[in-house]
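Lettering of chains follows the sequences in order, A, B, ..., and the numbering in each one begins at 1.
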Amino acid sequence: MFEPPVQRLIDEFARLPGIGRKSAQRLTFHILNIEDVDASRLSDAILDMKKKIRLCAQCFNLTAEELCSVCADLRRDPTVLCVVERAQDIAVIEGTNQFRGRYHVLGGSISPIEGIGPDELRIRELLGRLDHEGVTEVIVATNPTVEGDMTAMYIARAIKPLGITVSRLASGLPVGGDLDYADEVTLGRALSGRQEM
Amino acid sequence: MHLAWLRLSGFRNYDSLEIEPDIGVNILVGPNGAGKTNILEAIAYGSKLRSFRSSPDESLVSTNAEAAVLRLGIERAAGEGRIEIELPRNGRRRVLFNGKRPQRSSVLAAEFPVVAFLPDDLGIVKGGPAGRRELLDELASQLTPTTGADIDQFKKVLRQRNSLLKQAGRSVDVMTLDVWDERLATFGARVLLHRLTLLTAMAPVLRESYATVSSANGVLGWRYDSSWAAGCTPNTPQSEAESLLREALLRRRERDMDMRSTSVGPHRDEPTFLLDDRLTRNQASQGEQRSVALSMRLAAYYLLEERHGRPPVLLLDDVFSELDIERADGVMALMPRGQVFVSSAREDEVPVGGRRWSVSGGTVT
Ligand SMILES: [Zn+2]
């Protein structure tokens, strides 16, 4: 046990994903040794982001405006929609430079074990957008996990009756992983080789 | 294929341990409770990613440590490999193979195959079908990594479907259930075909192994009982097995909703070992059952050796005290083939020479 203020910061760091006890201690002792102004810049950055960032009114991507930069870009093709689990997946797909449509962020994948059913995701919002925005093709880019595949199949079944093409990223992505783990070349190949469901 | 070095910290009774075993026979000698089995358990964990004593991960962390860390250096045809596992007292397990997270946990089963003979192996013969299903699935994963992936996926889908039924029962969202059934049928059919393929490949090896460990007459064989896949063979097309399971799930749907769990599928199938036409589970003598258990492990060893072109690592946990000379000879036939770890309370019980390690109070010398 360290002095309470030190321990408090260690505990906060240790709650972050991917940070163990040892890393939390290392970060804390690093911050202990930096200048006050550097420490405030860090804490300001955290608060500033929390204050300014919200969800895009259309696709639920992260944004500081009403609409995110993708939705606000008039050159993007509104007839093709790429469905992802989380907002950070958008950055990964944008990195491939191969997709010119818009996105829809579900907010996760169907997982009864975690109490997440279709109603806990933004599937109803997705169906609403298809009609409004004249979408003709939906690409489901959920993670290549059991839950991601399951969510893709569920969406395909919900959309198919509307006469809209639904496709899934081609395999070749690492099974059981997240999109983050796929490199841009593999992901680009998966996008161009997508298969109709 | 062999273990070049093993480093443990905070694992069971080892605060810190580092050994470089011999590439041949290693004999761990020490009093009961000294930690001989813990070393074998650590080696097997590196392959199976679970305890061969079925202990939960938390119980592997020694009382005065935050986490157990297992590091294994392995020599294989493809060069050196490094397995690193961290089991924290609280939180998620971390596994690295050559510094990277393996794509799935079954990767190590095939990269570093291990066959363990354990004192309670008899339970696989005498006990319920779950132990025999597990034996088959584990061996199938060791033989082919993609098989392990199918089995893992099947288990995940099954857990999700059961969880859905448990929460919703009769009021379940039908479209969600439909989609889970679709996935369950796909992976369930694959698991069935993997098991049937394995049992077919295993049959002659099993028969031969039994003949070497038992002088009694009798032919060891198997039967696979399944309520949904009757008549399926290893050559049944995947799509056909899939339809069978899909239909069976639909037939049982009402009942599954009421019972709030999945009543049909490979997780309910019953593989049985037969001596001639007797069920070994309850129609064989204790001596015969012991020979059957031994034959299963021997067959696993021979199949893995044949598939990988090199023998797997062999772990013998205190097995010689239980075996008569005849059965011990069957095990001895494996001795010079590859790397072996034998644990025993009394060195004179071990009918083979090798590098001797003396185990006591958390140290090995
Ligand atoms: Zn947007």
Side-chain angles (χ1 to χ4, degrees), chain A residues 1 10-11 13-25 108-121 123-124 127 140 142-161 166 168 171-178 180-183 186 197, chain B residues 9-10 65-67 69 86-95 100-107 145-169 171-188 260-262:
Chain A
M1 266 295 162
I10 293 176
D11 292 344
F13 275 129
R15 287 161 59 168
L16 302 177
I19 302 223
R21 283 272 122 194
K22 285 229 174 74
S23 311
Q25 283 182 20
S109 55
I110 297 178
S111 172
I113 289 175
E114 294 160 277
I116 303 172
D119 292 344
E120 278 69 42
L121 302 173
I123 291 179
R124 206 172 304 121
L127 297 177
V140 188
T142 47
N143 288 331
T145 57
V146 162
E147 293 76 21
D149 281 343
M150 155 72 192
T151 308
M153 287 178 69
Y154 183 92
I155 289 173
R157 287 201 182 202
I159 292 179
K160 263 286 165 65
V166 187
R168 176 94 172 102
S171 51
L173 297 175
V175 178
D178 296 340
D180 313 2
Y181 286 98
D183 59 90
T186 313
M197 292 181 78
Chain B
S9 72
E66 284 276 336
V69 179
E86 189 187 16
L87 306 171
R89 180 174 301 284
N90 304 301
R92 278 176 76 91
R93 167 174 87 183
R94 255 166 32 107
V95 178
K100 278 190 277 200
R101 210 174 74 161
Q103 283 187 9
R104 42 180 180 265
S105 54
S106 52
V107 164
T146 49
T147 299
D150 286 338
I151 293 167
D152 289 350
Q153 304 253 61
F154 171 75
K155 286 183 181 161
K156 270 190 200 164
V157 174
L158 180 65
R159 270 202 304 274
Q160 290 283 20
R161 187 181 191 267
N162 283 340
S163 174
L164 180 69
L165 289 170
K166 198 168 183 180
Q167 289 160 29
S171 56
V172 70
D173 173 48
V174 172
M175 196 157 96
T176 309
L177 190 59
D178 280 349
V179 179
W180 284 117
D181 284 8
E182 193 66 41
R183 303 308 278 164
L184 200 69
T186 303
F187 291 114
R260 295 176 182 248
S261 76
T262 306

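- With a 4.5 Å cut-off on non-hydrogen atoms, A158(A) touches chain B through its backbone and its side chain both.
- Using a 4.5 Å cut-off between heavy atoms, N162(B) does not touch chain A at all.
- By the 4.5 Å heavy-atom criterion applied to side chains, E66(B) and P88(B) are not counted as neighbours.
- Contacts with chain B were tallied for D119(A), D149(A), I113(A); I113(A) has the most, counting heavy-atom pairs under 4.5 Å.
- Listed here is the closest heavy atom pair of A65(B) and G10(B): CB-CA, 3.8 Å.
- For the atom pair L121(A) CG and I155(A) CD1, the distance stands at 8.0 Å (nearest 0.5 Å).
- Only the side chain of Q167(B) has a heavy atom closer than 4.5 Å to any heavy atom of chain A.
- Between R183(B) and D178(B) no salt bridge is recorded (no basic side-chain N to carboxylate O distance below 4.0 Å).
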